[in-house]
Structures are given as structure tokens and as C-alpha cells.
J.: 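One structure coming up, written as C-alpha cells, with questions to follow.
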2 protein chains.
Amino acid sequence: MLERMTTKDPRAAGLARLAGLLADETRAACLLALLDGRAWTAGELARHAGVAPSTLSGHLGKLVAGGLLAEERQGRHRYVRLADARAAQLVEELTARIAPEAHPRPRTLRQAGADSAAARGRTCYDHLAGRLGIAVTDAFTARGLLLRDTGFALTAAGLRWFDALGIGLDRHGRRPLARACLDWTERRPHLAGAAGAALCRHALDVRWCVRIGSGRAVRVTEEGGRALSGLLGIGESALR
Amino acid sequence: MLERMTTKDPRAAGLARLAGLLADETRAACLLALLDGRAWTAGELARHAGVAPSTLSGHLGKLVAGGLLAEERQGRHRYVRLADARAAQLVEELTARIAPEAHPRPRTLRQAGADSAAARGRTCYDHLAGRLGIAVTDAFTARGLLLRDTGFALTAAGLRWFDALGIGLDRHGRRPLARACLDWTERRPHLAGAAGAALCRHALDVRWCVRIGSGRAVRVTEEGGRALSGLLGIGESALR
DNA sequence: CGGACACTTCGGCGACGGCCGAACCGTGCC
DNA sequence: GGCACGGTTCGGCCGTCGCCGAAGTGTCCG
């Protein structure tokens, strides 16, 4: 490697610019909040991050310009959400790498309650996570619907399972059908990708589970418990 | 989301700190260079990045402290390499996200020659990439050794293939056996993970391919061409 | 032992970037 | 129309960080 870098490497510049978008605590807090997959207003994010609205406005401009966020203006509101599943994946992957000590922290009783609800079941961008997500993924594996020890892929039986329930899978998009998403509370992979998203959407559509409050937490309903037990053999204990 | 952030979110802080390690052009250039999977000395990296040794020393300190690099001192040399496969994956994934325009650029004739050699075949940290990597991955898929349309996993036949060649696979480490790595010249996924690494190691061991010069490029040998053709049906045209 | 060499530490410099408050703009609502 | 409100723009402040060169440490070699 003798060649000196007279001109800078554009890949390095691009990498540094992209990483720079995530390299600020305020922007990072926004991205983590937006991992709930929904659209937030600029003001909500400013309050969440604890900075002035004017400051946050600048951050949103950078994140949108960098392609990590998509924005939608409605009247006097500016809604932003993660641009796509790949942006979410990027945030997830970096988050999964940071020191585990940074993760848990119940502060107040109220917070501890919300935390444990979220630990039971929540969404992670567009798929199920928490103990619920793990339980579903484990059940898929145990029933031969999902290959996990040699990679991460749906089996033919897995495809039939979705088909039998009438859950349509977009099989020819650029997005992989099945992908492992590493959860930071459980430290175990769970089902993401197009199939994970379709399953989560279906579960919310037919009310196997419902969102709790305004956060990412979800709760399994009565019917949902019966359905998941019947279809996947998931015990009630894993869901409560 | 009413709770105001009196104390900052430690996850956001951790995320920002990790991203901050990659958010500098000089450090990014080092990490990209280190994607060849080998150990570089501090001086080599300084020349490569075009900064003073003292400057680079500081950067290495940060990258090592942040857990992205591992260092090994030998006499008056400081060798560094990527800390592990996950660190490599992180860099890959961010790189795959940056604008494609940033990627290609043959500068000099000599450089163009090196580029096209690297495009034909190269290593990406510890597995095969470039057209060679793509060809192998496609052949695996076509022969039913690798599932790719429902995720990314070796099939039972794939496991037997490795077994028949006496290539040992570490099946119970934390590392996934098969993983997709998105290549930035071909923009297509190729086989990474423990299986990809084992295959690459074997290919170099038995001289199916050899490294060219000091970079990441590899060339398929005569015997290697015959072996890959016989074992996987890869045509000579894909390898030259 | 002395000199070349690889690397590190330190001090100082300059640029960049995040932060705020104040002023401004447009929307929605009385 | 007038007011409240969400968001943006601007200017100025300040801390952080990358950079270098000079001086220092330890290693290898003649």
C-alpha cells in the first residue's frame, strides 16, 4: 500500500458523513424514539430529547437530508419517521453493538411499569419484539417454519403457514423475507424482515395484540392468546 | 410521551459515542483499509490516510478504546486489526448504505488495473467477495446448498457439501453460520458468516485462489478453477 | 554505544458544530 | 381580524475535536 492519498477517499468521506448523522446524542435520541416505526412531530421530539425546538429543527434537517428520515408536512406540523426499513436496521445494528450496561434502567416506579410492559411485548420498527417476539420466533423454529441454526430463513412449511392464514408476503421486493433482529433487552434474535412485518401487521389488524398507550409496548389480547397458542403452541406464560 | 428527559438517555449516549468513532474521515479510511482482515501498522495507516503519525496515533487510541480495533504490539510496531467479525460487519453495513456515486473511481491506469482485479475477486474481511464471491454464492443457491429467497441460510445439503470437503464449521459459536454481506461493487449479497469464512480459509489453504500483492484482491488458480467448476459448476468465464 | 526508526505525548491552533434566544412565518382557531 | 401555536431562520457563544510539529520514549541494529 504505497499509494499516498493525494485525493481523499470518497468512500471514507461518505462513511464519515453517514456516521456523523448518528454521532450526536440528540439525533441519536430521536432515532431511537423513531424506532417505534411511527411519525413524530418536531415538537414531540424536541421535548423528548430535551432541547429547544430551534435546535431540533436543525437536526431534523440534517437527518432528512441524509436520507435517514422521511418527512411529511401537515398544516403547521412537521411529521418525521424513519425513511425505510433499512434505516431502522442501521439504528438497530449500531444499538445492538453498544455496551449492554448502557441499556437497562428503571428510574421511577411508573417507568419500571412501562419498561416491564415493553419487555413483555413491543414493536421494533415494524415487527414484534420483546418476549413476545422471541416467543414467536422460538415457536417458528420449533415447528420447522424457520431455519435458525444454519442462518436465518423461512422454510417451505413457513411459507405455507403464512399462506394458510392469508397473510400476504411481498416476495419480490428488495427486502429480505426473513432477517434476524437482535433485541437489546433479551439479547436474542427475533424475526424481522418482510415476514416479520407482515406478521406484526396481521397481529395488530386482527387484534391478536393491541398497542398500549402511546409507546411501543403491545399487549396480547384474549383472542390473541388463544390464536397464538393454537397456531404456534405458545404457552400463555410466555405472553403475560 | 410526556416524560421530559431530565437525565439523558444512556442508549442515545452510547449510540452517539459509537457512531462518533466512525464519524471522522481519517478513522473511516482506516476502518475501510482494515476491512482486508489483516493487521496494519500505525505508520502504514498514517501514510494511507495522509495524516501525520502523531495524529493517527490518537485515532487508533480511540478506535481501540471503543472496541472496534484490536491491537498487538511487536517491538517498536503497533499492529491493529478489526476487533472481530461484528466490527467488520458494522463497517460493511454502513458502507453499503452510503450513496453509490461515492464508490467507483478508477484514477490512474495502475489503479484501474488494481480495481478490476479486485472486482474480479477479493476478500471482504474474512470471506470471498467481488465477482468470485457472487459466483460462489449463486452456485450455492442454484445447487440447493443455500436458501436465499426466504432469508439466508445453508440447507442440509449445504452442510453435507462442507462436510464432504472436510471443511469444519464452527456450528455453536455465537456467530451465524450464514449471513448475507452486501457488496458495494456488485450491489448483490454474497456468503459471509462462519461458513463464508471457513470457505475462504479453505480456498486459500488449498490454493484454489491466492492473494495478489498486498491488497485484498485474489486470483483464482488453475487448480482452483477446475475445483470450483467441478464442485459447483462455476464457469471459467466467471472467474477470469 | 550511537543512530535510525516507530510510535507517543503535549501544546497550540483553527474549524466545525451544537446550543440557545429572539425574531419571523405560516396555520388554525376563535 | 387577532391571537396562539408549531416550526424555522439567524446570530452569537462556547466546547469539542482534528491537525500539526516538536520533543520524548522505547526498540532494533550496526
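As a basis for the values below, the full set of heavy atoms in this structure was taken, side chains included, without hydrogen atoms, waters or symmetry mates.
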J.: Under 4.0 Å between a Lys/Arg side-chain N and an Asp/Glu carboxylate O for R174(A) and D84(A)?
T.: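 Not counted as a salt bridge, because no side-chain N and carboxylate O are separated by less than 4.0 Å.
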J.: Would you indicate, yes or no, if dT8(D) has its OP1 or OP2 atom less than 4.0 angstrom from a side-chain nitrogen or oxygen of S57(A)?
T.: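 The answer is yes; a side-chain N or O of S57(A) sits under 4.0 Å from OP1 or OP2.
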J.: Could you check how far NE2 of H48(B) sits from C1' of dA6(C), rounded to whole Å?
T.: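 After rounding, the reported distance stands at 19 Å.
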J.: Expressed in angstrom and rounded to an integer, what is the separation of E25(B) atom CD from dA15(C) atom P?
T.: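 About 17 Å, once rounded to whole Å.
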J.: Quick one: does T26(B)'s side chain get under 4.5 Å of T55(B)'s, heavy atoms only?
T.: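 No, too far: nothing below the 4.5 Å cut-off.
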J.: Considering only heavy atoms, which members of residues 69-78 of chain B lie under 4.0 Å from some atom of DNA chain C?
T.: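 Per residue number, the list reads R73(B), R76(B), H77(B), R78(B).
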J.: From CG of D24(B) over to P of dC16(C), roughly how many Å is that when rounded to an integer?
T.: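 So the two atoms are 13 Å apart, to the nearest Å.
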J.: State whether R179(B) and E92(B) are salt-bridged, where the test is any N-O pair (Lys NZ or Arg NE/NH1/NH2 against Asp/Glu carboxylate O) under 4.0 Å.
T.: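 Answer for the salt bridge query: yes.
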J.: Ignoring backbone atoms, establish whether H59(B) has a side-chain N or O less than 4.0 Å from OP1 or OP2 of dC19(D).
T.: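 Checking H59(B) against dC19(D): at least one side-chain N or O falls below 4.0 Å of OP1 or OP2.
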J.: If you define the side chain from C-beta out and look only at heavy atoms, does anything of H190(B) sit under 4.5 Å from V136(B)?
T.: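 H190(B) vs V136(B): side chains apart.
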J.: Is there side-chain contact between C181(A) and H127(A), with at least one heavy-atom pair below 4.5 Å?
T.: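 Sidechains of H127(A) and C181(A): in contact.
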J.: Per the atom types in the model, does the base of dG18(C) pair as donor or acceptor with the side chain of T55(A) at under 3.5 Å?
T.: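 Not at all, since no donor on one side and acceptor on the other fall under 3.5 Å apart.
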J.: Do the side chain of T41(A) and the base of dG7(D) come within less than 3.5 angstrom through a donor-acceptor pair of N or O atoms?
T.: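 For T41(A), whose side chain was compared with the base of dG7(D), there is no donor-acceptor pair (under 3.5 Å).
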J.: Strictly below 4.0 Å, N to O, side chains only: are R38(A) and D36(A) in salt-bridge contact?
T.: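 Looking at R38(A) and D36(A), the cut-off is met.
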J.: Heavy atoms only: give me the nearest A198(B)-L169(B) pair and the separation to one decimal.
T.: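 Scanning both residues, the minimum pair turns out to be CB-CD2, 3.7 Å.
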J.: Does dG18(C) have OP1 or OP2 sitting under 4.0 Å from an N or O in the side chain of K62(A)?
T.: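 So the side-chain polar atoms of K62(A) do come within 4.0 Å of the phosphate oxygens OP1 or OP2 of dG18(C), strictly under.
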J.: Send over the distance from L56(A) CG to dG21(C) C1', rounded to a whole Å.
T.: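 Going from CG in L56(A) over to C1' in dG21(C) covers 16 Å.
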J.: Can you check the L21(A) CG to dG17(C) P distance for me, whole Å?
T.: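 After rounding, the reported distance stands at 11 Å.
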J.: Once you round it to whole Å, what is the distance between P of dC19(D) and CG of L45(B)?
T.: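 Distance, rounded to whole Å: 13 Å.
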J.: What integer distance in Å separates R47(A):CZ from dC5(D):C1'?
T.: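 After rounding, the reported distance stands at 11 Å.
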J.: Could you tell me how far apart L63(A) (CG) and dG18(C) (P) are, to the nearest whole angstrom?
T.: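 In whole Å, dG18(C) P lies 10 Å from L63(A) CG.
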J.: Within less than 4.0 Å of OP1 or OP2 of dC19(D), is there a side-chain N or O belonging to T26(B)?
T.: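 For dC19(D), OP1/OP2 do have a side-chain N/O of T26(B) under 4.0 Å.
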J.: For S54(A) and P53(B), take the nucleotide of DNA chain C holding the closest heavy atom to each; which residue's nucleotide lies nearer the 5' end?
T.: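 Closer to the 5' end of DNA chain C: P53(B).
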